[in-house]
There are 2 protein chains.
Amino acid sequence: MSGDCDHHCGGHHEGLPSCGAQKGTRGGVPEFAERLRKKSRRVTGARKSILDILSRQSHPITIRGIHDQLPKGDCDLATIYRSMHLLEGMGMVKRYEFGDGQARFELLREGDDGHHHHLVCTGCAVVVELHECGMGELEARMVLSHGFTRVTHKLEFFGLCPRCQGG
Amino acid sequence: MSGDCDHHCGGHHEGLPSCGAQKGTRGGVPEFAERLRKKSRRVTGARKSILDILSRQSHPITIRGIHDQLPKGDCDLATIYRSMHLLEGMGMVKRYEFGDGQARFELLREGDDGHHHHLVCTGCAVVVELHECGMGELEARMVLSHGFTRVTHKLEFFGLCPRCQGG
DNA sequence: CACAAGATGCAAATGATTTGCAATTAGCAT
DNA sequence: ATGCTAATTGCAAATCATTTGCATCTTGTG
Ligand SMILES: [Mn+2]
Ligand SMILES: [Mn+2]
Ligand SMILES: [Zn+2]
Ligand SMILES: [Zn+2]
């Protein structure tokens with residue numbers, strides 16, 4: 001992010017229908033523990049903590065962000081990196097890149113492919129979750145015009161949020 | 001890139017209307033030297049070499065890619081990194097990210113904002129230059145719905161090219 | 001409770017990119 | 001052409017995000 005200013009970025013939500021921060025029970029850690037066991041992956045303390053933190057995010061979070069929210073010394077950075085790879089491979093988290101060199105992740109509910117995009121403020125890094133994709137037609141055109149298959153896309157929007165438009 | 005296989009990726013072009021590899025004169029280094037001088041930036045040997053290499057690419061190229069094409073010892077990696085920052089800041093090159101951790105660059109002609117996207121094969125990394133953007137409407141909606149200004153977007157497509165669809 | 005596969009901590013290794021600094025130049029003014 | 005200064009460069013060291021090796025723990029099971 002061009003970022004440094006941290007003001008108003010903390011819990012700022014703009015149009016966040018399916019915000020991940022649910023009550024705490026449903027769609028929570030146990031659901032994911034289940035999924036892990038099903039693939040003979042172990043439900044460890046580290047993973048539960050990570051999933052727990054992920055489940056209360058409303059926007060993609062960085063590895064370091066997860067680490068910072070974990071009780072100090074609760075889990076090593078390397079473990080988080082390894083966990084994210086595992087979870088990503090199992091389709092339990094989705095990776096996003098905002099172009100600032102760090103990967104960000106969002107938890108995926110069962111059956112959700114998590115496909116959506118973001119609008120990021122280049123001034124304060126506030127994130128708006130976008131729910132429409134509207135790229136279906138374009139993507140189909142790619143397939144037809146160039147003979148590619150399994151076509152996907154990465155798309156993120158950037159701009160100045162209302163509060164950062166000082167001039 | 002998932003990449004390792006280098007076969008057929010070398011000079012493979014698929015639909016490349018405004019391919020950067022022009023005859024050699026027009027839109028070449030001198031045009032850019034001009035732009036550099038105009039902003040009291042010096043036209044050095046390193047920059048000329050870099051611009052020259054950039055001008056003969058048909059797809060975005062990495063820093064290392066540029067370095068490898070430069071006569072050995074002709075220019076330090078750090079210099080290329082610094083040059084790319086300068087050129088990017090002057091609007092003479094555009095940065096792209098294919099999600100493999102390395103930035104890629106394309107030269108921009110005067111007046112061209114270079115806005116376009118790519119279709120990258122996840123199998124062999126072959127790149128197709130896309131000339132339609134078609135995001136104008138979506139972008140405008142972002143602006144209206146969320147009050148952002150100066151909205152831009154980063155968009156790249158990924159998929160399996162015809163030659164990599166073995167199964 | 002014993003065991004083996006899987007996980008984790010820690011430190012060292014990678015890889016891309018950045019930076020400090022002293023030595024070199026390009027562009028402009030004698 | 002010569003001098004001068006700010007811009008530029010090479011080189012090595014520093015950053016940063018991410019990955020890995022390895023010895024040591026744990027989880028899931030029987
Ligand atoms: Mn999101
Ligand atoms: Mn291009
Ligand atoms: Zn989409
Ligand atoms: Zn576009």
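A quick note: this is a predicted structure, and the numbers were derived from the prediction, not measured.
- Taking the six-membered ring for Trp and the full ring otherwise, B:Tyr96 and B:His116 have centroids separated by under 6.0 Å.
- For A:His153 and B:Phe158, the ring centers are positioned 6.0 Å apart or more.
- Of the candidates B:Leu108, B:Leu107, B:Leu87, B:Lys94 forms a side chain to side chain contact (heavy atoms under 4.5 Å, CB included) with just one, namely B:Leu108.
- The distance between the ring centers of A:His118 and A:Phe157 does not fall below 6.0 angstrom.
- Residue order along DNA chain D, read from the 5' end via each residue's closest nucleotide, puts B:Ile80 first among A:Ala78 and B:Ile80.
- Rounded to whole angstrom, the span from the CG atom of A:Asp76 across to the C1' atom of D:dA23 amounts to 15 Å.
- D:dT9 atom P lies 13 Å from atom CD1 of B:Ile63, rounded to whole Å.
- Regarding contacts with the backbone of D:dT9, a side-chain N or O of B:Arg47 is found under 4.0 angstrom from either OP1 or OP2.
- Checking C:dA16, D:dG10, C:dT8 against every side-chain atom of A:Ser83, the shortest atom distance belongs to C:dT8.
- In this structure, A:His131 has its ring center no closer than 6.0 Å to that of A:His115.
- Side-chain proximity of A:Tyr81 to the nucleotides C:dT19, C:dC10, D:dA17 is greatest for D:dA17.
- Summarising the geometry, the separation between NZ on A:Lys48 and C1' on C:dG6 is reported as 15 Å, rounded to the nearest angstrom.
- Distance, A:Leu86 CG to C:dA7 C1': 10 Å, rounded to whole Å.
- Atom pair A:Asp100:CG and C:dT18:P shows a separation of 13 Å (rounding to whole Å applied).
- Among C:dC21, D:dA17, D:dT20, the nucleotide with an atom closest to any side-chain atom of B:Arg82 is C:dC21.
- Side-chain contact between B:Leu70 and B:Ile80 is present, with at least one heavy-atom pair separated by less than 4.5 Å.
- A heavy atom lying under 4.0 Å from DNA chain D marks the following residues of residues 36-46 of chain B, by number: B:Arg41, B:Arg42, B:Thr44, B:Ala46.
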Given B:Asp68 and B:Lys72, is the salt bridge (Lys or Arg N to Asp or Glu O under 4.0 Å) satisfied, shown in steps? CA-CA 8 Å; B:Asp68 290 346; B:Lys72 65 285 177 154; over 6 Å; no
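- Atom C1' of nucleotide D:dA17 and atom CE of A:Met84 are separated by 15 Å, given to the nearest angstrom.
- Regarding B:Arg95, its CZ atom lies at a distance of 14 Å from the P atom of C:dA16, rounded to whole Å.
- Straight-line distance from the CD atom of B:Gln102 to the C1' atom of D:dT18: 14 Å, rounded to whole Å.
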